[in-house]
Amino acid sequence: VAGRGRCGAAGAAYAAVLGVRMVAMPMISWLLVVSLQRGVGMLTGEDVDPLIPFVILLQGAMPTANNVVMMVAMGQSVEASGLAAGLMAAQMVVLPVALTGWITLFLVTAFGGGA
């Protein structure tokens, strides 16, 4: 019975990390770039390479493998390393679908003048 509670908590942690990292962070990145382009007039014009906003957008959509590895190395906990491995694996499973959608939106934003 105690093991089920731990699995439920780990599942909730996975869902929270995936939700924030694969949905919320790319959306915040996109809103920031679109706001800078439309509201302030930054990241637009002939002198700005369209790859700059694209790279900014892409950075927000990438998984957090390096951050997770550093946290586990600093904590030195066997339980934390298992959780970190599970989080990285879950992100890599979700990544192909999530990144395809985000890149489509990002390309339209960066090269098509906004969405």
Joint hydrophobic cluster, W30 plus V97, side-chain heavy atoms closer than 4.5 Å:
no
Once rounded to the nearest 0.5 Å, what's the spacing between atom OG1 of T104 and atom CG of L99?
9.0 Å
Looking only at heavy atoms, which two atoms of A61 and P26 are closest? And how far apart?
CA-CG, 3.8 Å
Joint hydrophobic cluster, I28 plus L105, side-chain heavy atoms closer than 4.5 Å
no
Would you be so kind as to tabulate the donor-acceptor pairs closer than 3.5 Å made by side chains of residues 17-25, with sequence neighbours excluded?
{"unit_1": "R21", "atom_1": "NE", "unit_2": "M62", "atom_2": "O", "d": "3.0"}
{"unit_1": "R21", "atom_1": "NH2", "unit_2": "M62", "atom_2": "O", "d": "2.6"}

When you group the ILVMFWY residues by side-chain heavy-atom contacts below 4.5 Å and let the links chain together, are I56 and M27 in the same group?
yes
Minimum heavy-atom separation for G60 to S29, with atom names?
CA-OG, 3.7 Å
ring-ring contact (aromatic ring centres under 6.0 Å, His included) partners of residues 73-109, not counting sequence neighbours, each pair once:
W102-F106
Measure across P96 and V93 and return the closest heavy-atom pair with its distance rounded to 0.1 Å.
CD-O, 3.4 Å
Flag yes if I52 and F111 sit in one hydrophobic cluster, no otherwise; membership is Ile, Leu, Val, Met, Phe, Trp, Tyr, and two members link when side-chain heavy atoms are under 4.5 Å apart.
yes
Residues in side-chain contact (heavy atoms from CB on, under 4.5 Å) contact with L32, at least two apart in sequence or another chain
L36
Side chain to side chain contact (heavy atoms under 4.5 Å, CB included), that's the test. Do L57 and L107 meet it? Break it down for me.
CA-CA 9 Å; L57 291 166; L107 286 172; over 6 Å; no
Looking at CD1 of I103 and OG1 of T109, how far apart are the two atoms once the value is rounded to the nearest 0.5 Å?
12.5 Å
